[in-house]
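A quick write-up on the structure given underneath.
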Amino acid sequence: MADFSVKIKGFIFNLDGVIVDTAKYHYKAWLRLADEMGVEFPPEQHEQLRSLSRMESLEKILEWGGLYMTEAEKLHWADVKNNWYQGLIAHMTPDEVFKGVLPFLEEVREYGGKTALSSASRNAHTVLKSTRLDSSFDVVLDGSAARKAKPHPDCFLQAASALGLAPSECIVFDDAVLGVQAARDGGFHTVGVGKQEDLPDADLVIPGFEGLSLSDVLEMMPWTPLSMVETEG
Ligand code: GL1
C-alpha cells in the first residue's frame, strides 16, 4: 500500500442528489409551486436551490417572480410544497439509492472510516427509512438541526464534531456549489458529485459512485502521497 500522510477518517455526505435521486422530486414540487405563482422556473435554475432550506428556496422563487408574501403566507406555501414533495417520496424504494453508494459505504466501513449524513432537508429521516439507509450512517443531521445556512460550514462542522473528528480528517461529498463552498470554507476536503463544469471549486469531481471504489476516490484526490483511513488495531 502507498505511503499515506493525510489520514482521512470521516466521510460526510449530503443526501438529495448525492445518495438518493430526490433532487428531481424537490424540483417537481417547487416547479408546481412556481407554476401556481406564475413564476418561470427552468430546470437549470434548480441548481440555485440545491442546498437551500425549504424557506430559503421559497424566498428565492418569490424573489425571481418579484413577489411579496407575508410570513404566514410563506409558511402556508412552504407546507403546500412539502405536502406535494411528501406525496412524491411516499413510495420511494431502495432502488432509488444511486448506484455504487452502498458498496462505497461498505468499503468505508471496512477501512474503519466513520460516516455522517448532513442534509438541509427536514425529510431526510423519511427518505433514509424508505430507502432502507436508516442504519447506514454513524451520524445523521437533518434540516431540523439549528445551524447557519450554507455557504456557512455549520452543517459540516456539526457533523465532524459529532463524529469526533477535525474537518481536515474528513471528506465532504456534495452536489451543489454552495455545499462545496461551505465544506471548503470549513477546512474539509471536498468531492463534488456531478459535472466538473458545475463544481469547479471541489478538490475532485466524480459523476457518482458507480464503479468507483474508495481507493479510486482517494487516489484521485489532489494529495501526495495518497491518503487512506487508518483501521483500528
Ligand atoms: C429542503 C428544500 C429542498 C432541498 C433540501 C436540501 O428540503 O425544500 O428543495 O433544497 O432542503 O437538499 P425539505 O423541504 O425536505 O426540508
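As the structure lists them, so they are numbered: ligands from 1, and atoms in each ligand from 1. Keep in mind the model is a prediction, meaning the values are calculated, not measured. Because only heavy atoms are used, hydrogens play no part in the values below, and waters and symmetry mates are left out as well, while side chains stay in.
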Side chain, backbone, both or neither: which part of [X] comes within less than 4.0 Å of ligand 1 when only heavy atoms are counted?
X     : value
Asp16 : side chain
Leu15 : neither
Lys81 : side chain

Is the shortest N/O to N/O distance between [X] and ligand 1 below 3.5 Å?
X      : result
Arg122 : yes
His46  : no
Asn123 : yes
Arg54  : yes

Note: [X]-[Y] ion pair, threshold 4.0 Å (strictly below):
X      : Y      : value
Asp174 : Lys150 : yes
Arg32  : Asp35  : no
Lys74  : Glu59  : yes
Asp175 : Arg50  : yes

(request) Evaluate the side-chain proximity of Val139 to Leu117: yes if any heavy-atom separation is below 4.5 Å, no if none is. (result)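 They are not in side-chain contact.
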
Nearest neighbour in protein (non-hydrogen) for [atom]:
atom                    : answer
atom 7 (O) of ligand 1  : His26 CE1, 3.3 Å
atom 11 (O) of ligand 1 : Leu52 O, 3.2 Å
atom 13 (P) of ligand 1 : Ser121 OG, 3.5 Å

(request) Kindly assign one of parallel, tilted or perpendicular to the pair Tyr27 and His46, based on the angle between their ring planes and the thresholds 30° and 60°. (result)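 It falls in the tilted class, 30° to 60°.
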
(request) Classify the angle between the aromatic ring planes of Trp64 and Phe41 as parallel (below 30°), tilted (30 to 60°) or perpendicular (above 60°). (result)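 Tilted, since the angle between the ring planes falls between 30° and 60°.
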
(message) Given 3.5 Å as the limit, does a donor-acceptor pair link the side chain of Gln48 with the main chain of Gln45, or not?
(response)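 No, because the side chain of Gln48 does not come within donor-acceptor range (under 3.5 Å) of the backbone of Gln45.
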
(request) Heavy-atom contacts with Leu49 under 4.0 Å: which atoms of ligand 1 show up? List them by number with element. (result)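 The list of qualifying atoms is 10 (O).
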
(message) Closer than 4.0 Å to some heavy atom of Ala120 - which atoms of ligand 1 meet that?
(response)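 That gives atoms 6 (C), 11 (O), 16 (O) of ligand 1.
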
(message) Which heavy atom of Trp84 sits nearest to which heavy atom of Ala29, and what is that distance?
(response)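 So the two residues come closest at CE3-O, 3.7 Å.
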
(request) Answer yes or no for Trp30: is there a heavy-atom contact with ligand 1 below 4.0 Å? (result)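 Yes.
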
